[in-house]
Amino acid sequence: RPHVEVFFSCSVVLRCGINYHMEGLIQFWTNEGQLGYRILDASLPDPCRQDLISGSDSPSDYCKSALLTKFVGYGLVSFAGFIKLPQISRMVRARSAEGINNLTAFLQCVIALVAIGYGITTNVPISSFGEAFMIEAQNIVIFFLMYFYGSLSFVKFATGISFLALGIASIVSGLATHIVFRPLQQLSMVWLLIALVPQIYQNSWTRQTGQQSGITYGMFVAGGLFRLWVLLREVRDPILLASVVVPIILNSILLLQVCFLGSKEKKA
């Protein structure tokens, strides 16, 4: 009986708590809940935002599509937090950065930083470029590991980190505006070629891929295809579209190289 009374008391408290928090949640997503309204304002088109705020039971097909696009976009942002972990794990387990091109590693840091600056200064929805934050953090870890495991000299490492720190400071301080980042983002396709073509050439020349991760390349290709779908439905910015299509192609080539050359290394 004591156990029954405790269970009954807990259920009453839990039910009261749920009701209280549900009221708070409803309050949060109404005009009176300013934070929730701002989140909706930043995330959805105006007609859909009004449907949600008014509590419409039958949102339009357009709003359903917009919600799906946002869901996939934010899913990609979360997915990006794991995209280079296989590469990092492989380097740490082998205690080596063999096979990873120095220029490729640095330019990938620059490209992600430019994408962040362009997205912030042009007010692009975070669901359309947010993965750049996640990828940049992992790029910097890889860049550090390359120095730690001896494949990158201190001078190159210090120069690269100083350049990245200067770029981050310009974004945070607001000194660099869209006037600066727009042409830089347009050049990102050129930088992608400069960054990944040397890696592709190095793999072909040495006939090995070292510590490069096929899982990471595969995740980049899959993530890029989903990102392309989101951009086509949400932004249709030709600069952003090109910056997604080019890496899909180049990462597909690198994935094939890891699959074929990597399997030859194992057999050898």
task: Please lay out, stage by stage, how Glu98 and Ser151 fare under the test side chain to side chain donor-acceptor pair (under 3.5 Å).
output: CA-CA 7 Å; Glu98 178 191 2; Ser151 67; over 6 Å; no
query: Given the rule in the side-chain contact (heavy atoms from CB on, under 4.5 Å) test, do Glu131 and Ile83 qualify, once you have shown the distances and angles that lead to the verdict?
result: CA-CA 10 Å; Glu131 70 270 19; Ile83 200 167; over 6 Å; no
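The OG1 atom of Thr104 lies 8.5 Å from the CD atom of Gln212; values are rounded to the nearest 0.5 Å. For the atom pair CZ of Phe129 and CD1 of Ile120, the computed distance is 5.0 Å after rounding to the nearest 0.5 Å. Considering CG of Leu164 and CZ of Phe143, their distance stands at 7.0 Å, rounded to 0.5 Å. Expressed to the nearest 0.5 Å, how far CD1 of Ile142 lies from CD of Gln108 amounts to 7.0 Å. We find the CD1-CG distance between Ile111 and Asn139 to be 9.0 Å, quoted to the nearest 0.5 Å. Residue Asn203 holds its CG atom at 6.0 Å from CG of Leu254, rounded to the nearest 0.5 Å.
When hydrophobic clusters are built by joining Ile, Leu, Val, Met, Phe, Trp and Tyr residues whose side-chain heavy atoms come closer than 4.5 Å, directly or via intermediates, Leu166 is not grouped with Val114.
Looking only at side-chain heavy atoms (C-beta outward), Arg182 and Thr121 stay at 4.5 Å or farther from each other. Considering only heavy atoms from C-beta on, Ile171 comes within 4.5 Å of Leu113 through its side chain.
Scanning for side-chain contact (heavy atoms from CB on, under 4.5 Å) contacts around Leu255 gives Tyr217, Cys259, with sequence neighbours left out.
Crowding of Phe157 atom CZ: a count of heavy atoms from other residues, nucleotides or ligands under 6.0 Å exceeding 12. Summarising the local packing, CD1 of Ile200 is surrounded by more than 12 heavy atoms from other residues, nucleotides or ligands at distances under 6.0 Å.
Nearest heavy-atom pair across Gln87 and Thr216 is N-OG1, 3.2 Å.
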